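For reference, the structure discussed in these notes is given below.
Here the structure is a predicted model, which means the values were calculated and not measured. Counting starts at 1 for both ligands and their atoms, following the listed order. Values below: every heavy atom of this structure, side chains too, minus hydrogens, waters and symmetry copies.
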Amino acid sequence: MARKKIIAGNWKMNMTPSEAVALVNTLKPLVVNDEVDVVFCVPAIDIIPVLQAAEGSNIQVGAENMYYEEKGAYTGEISPAMLTDVGVKYVVLGHSERREYFAETDATVNKKVLKAFEHGITPIICCGETLTQREQGVTMDFIRQQVKIAFQGVTADQAKTAVIAYEPIWAIGTGKTATTAQAQEVCAGIRACIAEVYDEATAEAIRIQYGGSVNAATAPELFAQPDIDGGLVGGASLKPDFGKIVNYK
Ligand code: PEP
């Protein structure tokens, strides 16, 4: 069965709640394409207003992070139950910005992935190499390690429903998109890694996005690749351009 594409916006630390509502109202008529899953991953404070503004559309709402404990003395964190209680279906985990600025590690990503599945939230699990790692020729070794640790303890049935976002760090927010060939090569490598850890059926089912300066011009060729099942989009998800990306065909 063909995998349904999934195109997610990662708003990062942008958009006040009132700006968020205005953006959803602008984008709503532009993202009416039910052949793809469209997810807006937004700051925690924007989740409820965005859910309300997106009502009646095919926009789904995701969080940008989540903690791995159920509840308690973890000041500033968001629990999985807080997300599911309002109808959040997706959560971005292990984004390179969280790894770089907020001490996220492969081990904490794994704990969060397990917790997300426990609560029925689909994780969008980010991985990706630095420019130095690419130049040293260790891209695939590094990403295989990130992926293998992120999926430790995850069952094949759960893994089938997960989303992996391949985001080369050197391409995020830099305007430098990986070439289509580079993106496809790594996404195929990730799928092969999933086949090794689980089996062919799991590898065939899991969705793998590319992320890193995706825009309306680069999306069609990237998303046409056999192992690229959509994108995780930062900067361009805050603009009407996102409508063109969702309607990339
Ligand atoms: C991201 O933050 O996930 C991302 C891919 O950002 P950008 O599209 O701006 O490079």
Side-chain angles (χ1 to χ4, degrees), residues 5-15 19-20 23 27 30-31 36-44 46-47 50 59-66 88 90-102 104 106 109 112-113 116 122-131 133-134 139 142-143 146-147 150 162-180 182-184 186-187 190 207-223 225 227-248:
K5 302 271 188 218
I6 174 164
I7 300 175
N10 173 19
W11 287 10
K12 314 194 183 194
M13 197 175 74
N14 294 296
M15 299 288 136
E19 289 168 341
L23 180 61
L27 290 178
L30 307 178
V31 298
V36 302
D37 281 329
V38 180
V39 189
F40 287 13
C41 299
V42 307
D46 294 340
I47 288 173
V50 167
I59 297 168
Q60 302 180 77
V61 180
E64 295 179 14
N65 184 31
M66 181 201 86
V88 168
Y90 292 89
V91 63
V92 177
L93 295 177
H95 191 280
S96 62
E97 287 152 16
R98 295 223 49 93
R99 294 177 192 256
E100 182 176 354
Y101 306 127
F102 304 101
E104 196 87 75
D106 290 340
V109 172
K112 291 180 177 190
V113 168
T122 300
I124 299 176
I125 305 161
C126 302
C127 59
E129 81 287 3
T130 62
L131 189 56
Q133 287 164 333
R134 178 159 281 273
T139 295
F142 181 72
I143 288 171
Q146 286 185 318
V147 169
V163 179
I164 298 176
Y166 165 54
E167 300 206 304
I169 294 171
W170 48 272
I172 297 178
T174 58
K176 283 187 207 156
T177 317
T179 65
T180 306
Q182 285 171 326
Q184 161 58 24
V186 176
C187 290
I190 293 170
R207 293 188 289 179
I208 305 175
Q209 300 172 312
Y210 167 77
S213 299
V214 172
N215 59 41
T218 56
E221 199 178 288
L222 284 163
F223 299 170
Q225 300 310 302
D227 288 294
I228 302 181
D229 305 314
L232 183 57
V233 183
S237 71
L238 301 169
K239 302 180 203 154
D241 234 30
F242 194 61
K244 293 194 189 131
I245 295 174
V246 167
N247 299 298
Y248 65 96

Look at [atom] and say which protein heavy atom is nearest, naming residue and atom and giving the distance to 0.1 Å.
atom	value
atom 3 (O) of ligand 1	E167 OE2, 2.6 Å
atom 8 (O) of ligand 1	G234 N, 2.8 Å
atom 1 (C) of ligand 1	H95 NE2, 3.3 Å

Taking 4.0 angstrom as the limit and counting only heavy atoms of [X], give me the atoms of ligand 1 inside it, by number and element.
X	value
L232	3 (O), 5 (C)
G173	7 (P), 9 (O), 10 (O)
S213	7 (P), 8 (O), 10 (O)

### Ring-ring centroid check F242 F40, cutoff 6.0 Å
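Yes; F40 has its ring centre under 6.0 Å from that of F242.
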What I want to check is whether the side chains of [X] and [Y] have a donor and an acceptor closer together than 3.5 Å.
X	Y	value
Y166	E129	yes
E221	T180	yes
K112	N65	yes
H95	E167	yes

### Task
Determine whether the side chain, the backbone, both or neither of N10 has a heavy atom under 4.0 Å from any heavy atom of ligand 1.
side chain
### Query
Is it the side chain, the backbone, both or neither of A171 that has a heavy atom closer than 4.0 Å to ligand 1?
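Backbone only.
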Quick check: [X] and ligand 1, any N/O pair under 3.5 Å apart?
X	answer
T174	no
G235	yes
G212	no

### Task
Side-chain contact test, heavy atoms from C-beta onward, threshold under 4.5 Å: evaluate it for I169 versus L131 and give yes or no.
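In short, these two side chains do not touch, never coming nearer than 4.5 Å.
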### Task
State if A236 counts as touching ligand 1 under the rule of any non-hydrogen atom under 4.0 Å.
no
### Message
Using a strict threshold of under 4.0 Å (side-chain N to carboxylate O), is an ion pair present between R98 and E64?
### Response
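Salt bridge between E64 and R98, a charged N being under 4.0 Å from a carboxylate O: no.
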### Query
Any idea which heavy atoms bring P123 and V113 closest together, and the distance?
CG-CG1, 4.3 Å
